[in-house]
Amino acid sequence: MTDEELRAVFGLSGRALNRLRATGKFPAKDPLVGKTDRRAVDAFFDRRAGLSSGPSGPDGEETGATKSAINSVLPRKGSA
């Protein structure tokens with residue numbers, strides 16, 4: 001994602017984006033193409049919102065922590 005796309009999709013001001021980058025936890029921009037990986041940004045905001053306690057496993061498979069977080073918000077079978 002370009003900086004303009006990041007700002008539009010996530011509703012960030014230029015200053016907010018600069019502050020996020022300065023934390024060192026926000027995904028870095030690839031210097032070759034000048035863009036930030038969309039999946040890494042999505043994962044960053046998911047972790048920040050408490051939706052995931054860590055990065056997903058290889059090939060995007062869910063880790064145990066992610067599965068438990070998902071299961072905690074889904075209705076249980078037979079309880080509708």
K.L.:
Drop me the distance from Arg38's CZ to Glu5's CD, to the nearest 0.5 angstrom.
P.N.:
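Between atom CZ of Arg38 and atom CD of Glu5 there are 6.0 Å.
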
K.L.:
Stepwise, does the side chain to side chain contact (heavy atoms under 4.5 Å, CB included) test hold for Val9 with Glu4?
P.N.:
CA-CA 9 Å; Val9 170; Glu4 291 77 25; over 6 Å; no

K.L.:
Hey, mind stepping through Phe45 and Phe26 against side chain to side chain contact (heavy atoms under 4.5 Å, CB included) and telling me if it holds?
P.N.:
CA-CA 9 Å; Phe45 282 112; Phe26 192 77; 4.0 Å; yes

K.L.:
Carefully, step by step, assess Leu17 and Leu6 under the rule side chain to side chain contact (heavy atoms under 4.5 Å, CB included).
P.N.:
CA-CA 8 Å; Leu17 181 57; Leu6 282 169; 4.0 Å; yes

K.L.:
Output the distance between atom CE (Met1) and atom NZ (Lys35), rounded to the nearest 0.5 Å.
P.N.:
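Between atom CE of Met1 and atom NZ of Lys35 there are 10.0 Å.
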
K.L.:
Considering residues at least two apart in sequence or located in another chain, which fulfil the salt bridge (Lys or Arg N to Asp or Glu O under 4.0 Å) criterion with Lys29?
P.N.:
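Lys29 satisfies salt bridge (Lys or Arg N to Asp or Glu O under 4.0 Å) with Asp3 only.
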
K.L.:
Check the hydrophobic clustering (I, L, V, M, F, W, Y; side-chain heavy atoms under 4.5 Å; chains of links allowed) and say if Phe10 and Leu51 are grouped together.
P.N.:
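No: no chain of side-chain contacts under 4.5 Å links Phe10 to Leu51.
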
K.L.:
Indicate whether any N or O donor in one side chain lies under 3.5 Å from an N or O acceptor in the other, for Arg7 and Thr2.
P.N.:
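No donor-acceptor contact under 3.5 Å links the two side chains.
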
K.L.:
Show the numbers, then the answer: is there a side chain to side chain contact (heavy atoms under 4.5 Å, CB included) between Thr36 and Arg21?
P.N.:
CA-CA 11 Å; Thr36 306; Arg21 288 198 190 280; 3.1 Å; yes

K.L.:
Just wondering, do Pro27 and Val41 contact through their side chains at under 4.5 Å, heavy atoms?
P.N.:
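Yes. Closest side-chain heavy atoms under 4.5 Å.
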
